[in-house]
Every structure is written in structure tokens, then in C-alpha cells.
Enquirer: 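First the structure, which I've put down as C-alpha cells, then a few questions once you've had a look.
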Amino acid sequence: MDTPPLSGSDSESDESLVSDRELQDAFSRGLLKPGLNVVLERPKKAVNDVNGLKQCLAEFKRDLEWVERLDVTLGPVPEVGETQSTPQNKDQKKGVNPEDDFQREMSFYRQAQAAVLAVLPRLHRLQVPTKRPTDYFAEMAKSDQQMQKIRLKLQTKQAAMEKSEKAKQLRALRKYGKKVQTEVLQKRQREKAHMMNAIKKYQKGFSDKLDFLEGDQKPVEHRAKPGAKGQQTNKGPNAKRRYKNQKFGFGGKKKGSKWNTRESYDDVSSFRAKVAHGKGPRRPGKKGANKRPGKRTRQKMKSKTH
């Protein structure tokens, strides 16, 4: 059956109110069946079955000696630096905070340590050994193949570390050798510069010592003093000039030696007309003097000689 469409928000609100009222009436009458609508039941009453719990405990419990069970019960263990608890401290410290991980784990550690300290004397009294004998061999948790792999890996790592250390030492030695080589080259350059300076001084006459030729001198910095050059020039001829004078002699007068005098001007005894007018034998070095004579000229010269 087709129903006409409802228009407007008022119609929708009326339908919702009607449907809610109908559901409430049906729920009150008990006409609603379980489905989407779940009826909440009352909470279950807890049953404290003491006899059943004791029966279960008796099934779990085994009457064994303490050596077989090794159970220890201890109270809360205080810290090492903590004094005996007083009523005020008990009120302040009600227990371990379970939310604090560090405090909780430390309480477990102290409890286990106290239990071991309490059990050891009891085991000694019962003559139960607490240490592993020297000839005791237990099965390894890892196989020999796995341990061999671990050993090879450790050896490879150690070899790589040694190789890296050797490479580092070689780099350091190479760097040191390069530094030494640079210092030697710089020293040679300084010695060469010192020798060149000494040679220049000797050539210019500033020094008359030849010690720099020995090659064992250490370079000495030359610091020129004011007025030293003027003092050396006023002493006379320099060392180079004195050495040449000693070797070749002083010679004669040089300046103005080629000038004519009155006697040389009037003296014409050495005048030769043929030489003056170019009729005599050619002087060596003149134009055509070194020129090789031709074939005809050689034949004429031969005929004249014969």
C-alpha cells in the first residue's frame, strides 16, 4: 500500500513521537521479543565456595620435602641505607609504587637477594652443594658451528682493526717523512741562498773570505749596519782588484794612453804611402781580405810562381 509522502519537519517529529510511545507500551506489556532490543539482567551473585577452593588446593598441593620444593617466603625487604621502620615511616611509606618501573624492579632484586642469603645457610646445613664442581660439563646453548661463525667474525673484525691501525701508522710516518723532506729542501735552499750571497759579496769586494766554498757553513743572516758600505769603499781597492793586481800585475797607465802628444804628432817615420792609399798587402779583417780567390786567379798565381 502506497503512503503519501510527508512534508515538513513537523510530520517527522510527530511520527518519531508516536513510534517511541508505541515501543514503550509494547515494552511495558512484554510484547517485545529479544533481538535488537536486549533486556539487561541483574548482576550475578558471587558465590564463595570455600569447600570447593580447599578441594582444588588439596589437589595442587604435594607433600614433598623442602629440598625438593626450595620455597622461601619473606616480607618486604628495606633498602641497604634505610633504617628500621618506625610507625611514622610506615605511614609515610605504604609500599612500592607499582607504576614506578625502577622502584618495582629494585624491590624484586632486593627480595631475590634476601631470599638467596636466607637459603644458603640452610642448604649448607643440609649438605647440599651450592657451587658447580670443577669437572662439570654442561651442554652449550649454542652449537659448535655457531660458535665457529662467531669466532671467525671476531677474528675478521680484529684483523680489520689491525689493518686500520697499520694504515693509520703508515699515514703518520708518510706525513712525518714528507715534513722531514720539506725541512731538508728548505735547509738546502737557505744554504744555496747564503752561498750565492757570499759569492756576490766576494765579487763586489764586500768580503775577501773564501770560507763559503767549504760548504759546511751555516747560513748567517747578514744585517747591514748604517755606514758600513761607505767605510769599505774608503779603504782602497777591493778584494777582487787586489787579487787581479797580484796575479797580472799593475800594468801601466791606462787612462789617456792613446792620446797623441806633440812628439807623436810630429813623428812621420812610420808613414807608408802604399799602405795609406790601399796599394800594399791587404790587412786581415778588411773587406775582401778573407775572400777565397777564384779559379783564374789561382792559375795566374801558379804561373807566376813557376
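The analysis underlying the following values was restricted to heavy atoms, covering all of them including side chains, and did not include hydrogens, waters or symmetry mates.
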Enquirer: State yes or no: do Leu117 and Trp66 share one hydrophobic cluster built from I, L, V, M, F, W and Y residues joined by side-chain heavy-atom distances below 4.5 Å, directly or via other members?
Expert: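 No, no single cluster joins them.
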Enquirer: Working to the nearest 0.5 angstrom, can you tell me the gap between Phe102 CZ and Tyr109 OH?
Expert: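 The CZ atom of Phe102 sits 11.0 Å away from the OH atom of Tyr109.
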Enquirer: Does Asp267 reach the main-chain N or O of Glu263 with its side chain, forming a donor-acceptor pair under 3.5 Å?
Expert: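 Such a contact is absent between Asp267 side chain and Glu263 backbone.
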Enquirer: Please determine whether side chain to side chain contact (heavy atoms under 4.5 Å, CB included) holds for the pair Leu123 and Val67, giving the CA-CA distance in whole Å, both sets of side-chain angles, and the decisive distance to 0.1 Å.
Expert: CA-CA 8 Å; Leu123 291 173; Val67 178; 5.6 Å; no
Enquirer: Looking only at side chains, do Asn238 and Arg242 share a donor and an acceptor under 3.5 Å apart?
Expert: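 The criterion, which ignores hydrogens and geometry beyond distance, is not satisfied for Arg242 and Asn238.
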Enquirer: What heavy-atom pair brings Ala115 and Val72 nearest, and what distance separates the two atoms?
Expert: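 Of all heavy-atom pairs spanning Ala115 and Val72, the closest is CB-CG1, 4.3 Å.
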Enquirer: Using a cut-off of 6.0 Å, state whether more than 12 heavy atoms not belonging to Gln246 lie near its atom CD.
Expert: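 No - once you tally the heavy atoms of other residues, nucleotides and ligands closer than 6.0 Å, there are 12 at most.
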Enquirer: To the nearest 0.5 Å, what is the distance between NE2 (His194) and CD1 (Ile199)?
Expert: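 Here the interatomic distance stands at 10.0 Å.
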Enquirer: Just wondering, are more than 12 heavy atoms of other shown residues or ligands nearer than 6.0 Å to CG in Asp266?
Expert: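 Yes, CG of Asp266 has more than 12 neighbouring heavy atoms, counting only those of other groups under 6.0 Å.
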Enquirer: Rounded at 0.5 Å granularity, tell me how far CG in Asn97 sits from OG in Ser107.
Expert: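 Atom-to-atom, Asn97:CG and Ser107:OG are 10.5 Å apart.
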Enquirer: Decide side chain to side chain contact (heavy atoms under 4.5 Å, CB included) for Thr130 and Val119; before the verdict, give the C-alpha distance in whole Å, the side-chain angles of both, and the deciding distance to 0.1 Å.
Expert: CA-CA 10 Å; Thr130 57; Val119 167; over 6 Å; no
Enquirer: How long is the straight-line distance from CD of Gln203 back to NZ of Lys200, given to the nearest 0.5 Å?
Expert: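 Lys200 atom NZ to Gln203 atom CD measures 9.0 Å (nearest 0.5 Å).
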Enquirer: Write down the atom of Gln111, the atom of Leu74, and the distance for their closest heavy-atom approach.
Expert: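 Heavy-atom minimum between the residues: NE2-O, 3.2 Å.
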Enquirer: Would a distance-only check, ignoring hydrogens and angles, find a side-chain to backbone donor-acceptor pair under 3.5 Å from Gln103 to Pro98?
Expert: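 No, because the side chain of Gln103 does not come within donor-acceptor range (under 3.5 Å) of the backbone of Pro98.
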Enquirer: Hey, any chance Val128 and Leu70 share a hydrophobic cluster, counting ILVMFWY side chains that come within less than 4.5 Å of each other, even indirectly?
Expert: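 As far as the 4.5 Å side-chain criterion goes, Leu70 and Val128 are connected within one cluster.
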Enquirer: Go through the steps for Lys142 and Ile150 under the test side chain to side chain contact (heavy atoms under 4.5 Å, CB included), then give the verdict.
Expert: CA-CA 10 Å; Lys142 295 182 180 180; Ile150 295 173; 3.9 Å; yes
Enquirer: Determine whether the side chains of Arg110 and Gln113 contain a donor N or O and an acceptor N or O closer than 3.5 Å.
Expert: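 No, no side-chain donor-acceptor contact under 3.5 Å.
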Enquirer: Give me each pair satisfying side-chain hydrogen bond (donor to acceptor under 3.5 Å, both in side chains) with a member in residues 175-185, each pair once, sequence neighbours excluded.
Expert: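 Listed by first then second residue: nothing to list.
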Enquirer: Name all residues meeting the salt bridge (charged side-chain N to carboxylate O under 4.0 Å, His left out) criterion together with Arg69; count only those two or more places apart in sequence or in a different chain, and write none if there are none.
Expert: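 Expected list: Asp71.
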Enquirer: So which heavy atom on Ser28 is nearest to which on Asp25, and how close?
Expert: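 Residues Ser28 and Asp25, closest heavy atoms: OG-O, 2.6 Å.
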Enquirer: Mind checking salt bridge (charged side-chain N to carboxylate O under 4.0 Å, His left out) for Arg104 and listing every partner two or more places apart, or none if nothing turns up?
Expert: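 Listed in chain order: Asp101.
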Enquirer: Output the distance between atom OG (Ser164) and atom CD (Gln169), rounded to the nearest 0.5 Å.
Expert: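 Spacing of OG (Ser164) from CD (Gln169) equals 10.0 Å.
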Enquirer: Side chain of Ser264, backbone of Asn260: donor and acceptor closer than 3.5 Å?
Expert: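 No: the side chain of Ser264 does not pair with the backbone of Asn260.
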Enquirer: So how far is it from Lys168 NZ to Glu165 CD, rounded to the nearest 0.5 Å?
Expert: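 Those atoms lie 5.0 Å apart.
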Enquirer: When you look at Lys192 and Arg188, which way does the side chain to side chain contact (heavy atoms under 4.5 Å, CB included) test go after all the steps?
Expert: CA-CA 6 Å; Lys192 184 178 179 181; Arg188 289 179 181 175; over 6 Å; no
